[in-house]
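Every chain is numbered from 1, with letters handed out A, B, ... down the list of sequences.
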Amino acid sequence: MEETKKERMKKTGILVKKGPWTPEEDQKLISCIQKHGIQNWRAIPNLAGIKRCGKSCRLRWTNYLRPDIRRSRNFSPEEEQTILSLHSMLGNRWSAIASRLPGRTDNEIKNFWYTHLREEAYS
DNA sequence: AATCCAATCAACCGCCTCTCC
DNA sequence: TGGAGAGGCGGTTGATTGGAT
């Protein structure tokens with residue numbers, strides 16, 4: 001039933017702020033995680049004072065704010081080759097590929113794949 | 001200088017799995 | 001043991017940016 005779906009969305013915290021993160025939100029999230037660590041994503045928005053769902057916080061942290069992320073947007077030829085060969089072995093297991101590429105996130109790799117490598121891989 | 005279009009990337013959605021009660 | 005809730009993941013969207021015309 002449609003109503004059930006909506007209720008579930010409410011419970012999972014979708015009725016909160018969406019859209020791009022502001023620098024203040026980023027800052028709050030970073031200091032909250034530094035202070036409390038990551039044990040319970042659902043608690044993070046409350047602890048940090050952010051009107052976001054835990055899911056959104058997790059995504060922001062893992063794809064953007066994590067300290068070990070290399071912020072250089074360009075993938076080196078070596079990384080490109082690694083991605084191509086890992087993808088031929090693992091398929092679209094982006095998180096598995098990301099775990100073998102230090103400093104890169106699954107989202108980054110996925111974006112890079114769809115914009116640069118897909119044609120190359122299937123040509 | 002204005003407009004259009006393609007590329008890029010951050011973020012959301014929905015499904016699946018895992019964990020806990 | 002089964003159900004509910006939370007987290008994780010892959011696919012997709014939409015806003016922005018930069019280059020071409």
Side-chain angles (χ1 to χ4, degrees):
Chain A
M1 208 206 239
E2 190 56 31
E3 195 52 36
T4 325
K5 220 177 203 176
K6 278 183 192 166
E7 283 182 5
R8 208 173 80 191
M9 286 168 95
K10 243 186 226 176
K11 281 178 193 163
T12 50
I14 307 296
L15 290 186
V16 291
K17 188 184 170 191
K18 287 191 202 172
W21 280 67
T22 64
E24 300 90 78
E25 287 176 314
D26 283 347
Q27 225 11 268
K28 284 179 182 175
L29 182 58
I30 290 168
S31 57
C32 173
I33 288 174
Q34 281 170 349
K35 202 185 290 178
H36 300 98
I38 306 163
Q39 338 89 339
N40 181 3
W41 281 113
R42 224 192 168 194
I44 295 286
N46 279 338
L47 291 169
I50 301 172
K51 288 190 168 31
R52 299 269 182 176
C53 63
K55 240 178 161 176
S56 185
C57 293
R58 188 190 67 81
L59 200 71
R60 182 66 177 170
W61 175 257
T62 54
N63 286 332
Y64 200 85
L65 299 175
R66 249 171 39 200
D68 55 320
I69 289 178
R70 200 172 347 155
R71 294 309 310 162
S72 81
R73 297 250 53 100
N74 300 340
F75 282 73
S76 68
E78 292 77 33
E79 284 177 311
E80 203 175 305
Q81 273 315 306
T82 310
I83 293 169
L84 279 169
S85 73
L86 285 173
H87 185 270
S88 69
M89 293 190 300
L90 301 167
N92 295 3
R93 312 288 114 192
W94 304 118
S95 58
I97 295 173
S99 69
R100 290 166 171 74
L101 280 167
R104 298 296 188 184
T105 71
D106 56 353
N107 214 27
E108 265 182 319
I109 293 167
K110 188 163 55 179
N111 281 329
F112 187 65
W113 172 263
Y114 284 122
T115 56
H116 290 93
L117 300 177
R118 191 162 45 171
E119 288 86 20
E120 203 175 316
Y122 292 123
S123 61

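- Atom pair A:I69:CD1 and B:dC9:P shows a separation of 14 Å (rounding to whole Å applied).
- Following rounding to the nearest Å, A:N63 (CG) and B:dC12 (C1') show an atom-to-atom distance of 12 Å.
- The distance from atom CZ of A:R66 to atom P of B:dA10 is 13 Å, rounded to the nearest whole Å.
- Hydrophobic clustering of Ile, Leu, Val, Met, Phe, Trp and Tyr side chains at less than 4.5 Å, counting indirect connections, keeps A:I69 apart from A:F75.
- A heavy atom closer than 4.0 Å to some atom of DNA chain B occurs in A:G19, A:P20, A:W21, these being the qualifying members of residues 19-40 of chain A.
- Looking at A:L86 and A:R100, their side chains come closer than 4.5 Å, going by heavy atoms from C-beta outward.
- Under the 4.5 Å side-chain contact rule for hydrophobic residues, A:Y64 and A:I33 share a cluster.
- For the pair A:L29/A:L65, a side-chain contact is recorded, criterion being any heavy-atom separation below 4.5 Å from C-beta on.
- At the heavy-atom level, A:T62 lies nowhere under 4.0 Å from the strands shown.
- Between the OH atom of A:Y64 and the C1' atom of B:dC9 there is a distance of 10 Å, given to the nearest Å.
- A:I109 has its CD1 atom 13 Å from the P atom of B:dA10, to the nearest Å.
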request  = Dump the intermediate steps for side-chain contact (heavy atoms from CB on, under 4.5 Å) on A:W61 and A:I44, then the final yes or no.
outcome  = CA-CA 11 Å; A:W61 175 257; A:I44 295 286; over 6 Å; no
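- Using N1 to N3 plus N6-O4 or O6-N4 for Watson-Crick, or N1-O2 and O6-N3 for G-U wobble, each under 3.5 Å, C:dC9 pairs with B:dG14.
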query = Along nucleotides 8-15 of chain C, 5' to 3', which nucleotides get a B, which get an S, and which get a -, given that the test is a protein heavy-atom distance under 4.0 Å?
reply = BBBBB---
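- Side chains of A:H87 and A:N92 form a contact here, defined as non-hydrogen atoms less than 4.5 Å apart.
- Of the possible donor and acceptor atoms, none in the side chain of A:S56 sits under 3.5 Å from a partner among the backbone N and O of A:C53.
- In this structure, A:W113 and A:W94 have tilted ring planes: the angle between them lies in the 30° to 60° band.
- Between A:N63 and A:D106, the closest side-chain pair of non-hydrogen atoms falls below 4.5 Å.
- Whole-Å rounding puts the A:F75 CZ to B:dC9 C1' distance at 11 Å.
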